[in-house]
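Counting starts at 1 for both ligands and their atoms, following the listed order. On a predicted model such as this, the values are computed, not experimentally measured, just so you know.
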Amino acid sequence: MELFDSHAHYDDERFSEDAEEVIQSAYNSGVRYILNAGSDIASSRKSIELSEKFNFVFAAAGVHPHEAAKLQNDDEKTIIELCNHPRVAALGEIGLDYYYDFSPREVQKFWFSKQLSIAKDLKLPVIIHNRDAHEDTLEMVKSHAPFEASGVFHCFSGSWDMAKELLNLGFYISFAGPVTFKNAKKSVEVLRNMPMDRILIETDCPYLTPEPFRGRRNNSSFVRLVAEKIAQIKGVQVEEAAEITTGNAKRLFLQPISSS
Ligand code: NI
């Protein structure tokens with residue numbers, strides 16, 4: 001079985017001691033592709049470094065809404081430069097987070113919009129983070145549509161109505177550990193309705209550890225538990241869920257890389 005962890009953070013300080021060992025052991029357990037998402041300039045650089053060390057690790061470069069307030073105008077050039085690196089498969093993660101509001105909302109929107117435009121110019125898929133900002137996120141994505149290289153809403157927490165709009169815009173939707181939690185009713189409903197060819201799986205490690213390991217540090221090998229849950233909801237074998245979600249992620253992230 002070949003799994004694709006479409007969203008990980010091995011540049012996180014919780015992996016500062018052992019990122020490379022954890023990545024290698026995830027590979028040995030069947031995780032054949034990992035996309036490491038950037039959250040600020042420094043972490044995007046680290047993401048690229050990791051992708052240069054492991055041929056099955058790919059990088060995303062971009063600035064998370066939490067970090068948007070730290071950006072200066074000329075960081076736009078740096079983001080473009082990072083995105084042009086040959087191991088960068090996507091721009092992200094970017095978006096809006098009104099749950100924590102670590103950056104003022106106007107600043108979050110400014111950099112979200114700017115990075116959506118950069119992704120379009122570079123024909124890179126986008127990785128979108130949205131927490132408690134469904135309406136504004138949808139509105140901004142719509143105002144920048146169409147996205148030729150598509151993108152993904154990671155760790156999706158919205159309703160089926162929102163998912164439908166995203167599917168119509170050509171986006172993929174990714175699910176993480178929370179679908180295994182007891183209170184995952186809304187995501188389970190979305191998954192029941194989702195076409196298989198638009199579902200991605202991820203860990204978002206070190207965060208969002210799935211059951212039954214909730215509370216421990218997450219790692220890519222646990223993406224199998226997300227695949228198992230999806231298989232259960234969709235009534236298919238886990239091998240089939242793995243094969244389809246891996247194929248989806250390869251189509252979204254890796255085609256531009258192999259054809260360039
Ligand atoms: Ni993330």
field: Between D204 and N218: side-chain donor-acceptor atoms closer than 3.5 Å
entry: no
In D204, the N/O/S atom nearest the Ni ion (ligand 1) carries the name OD1
Per residue E93, nearest N, O or S atom to the Ni ion (ligand 1) is named OE2
In terms of relative ring orientation, are F15 and Y10 parallel, tilted or perpendicular, with 30° and 60° separating the classes?
tilted
Over-ring placement of R32 relative to Y27, 6.0 Å and 45° cut-offs = yes
Near the Ni ion (ligand 1), is there an N/O/S atom from H7 that is less than 2.8 Å away? yes
**Item:** N/O/S from H9 sitting under 2.8 Å away from the Ni ion (ligand 1)
**Value:** yes
query = Just checking, is any N or O donor in the side chain of T246 or E2 under 3.5 Å from an acceptor N or O on the other one?
reply = no
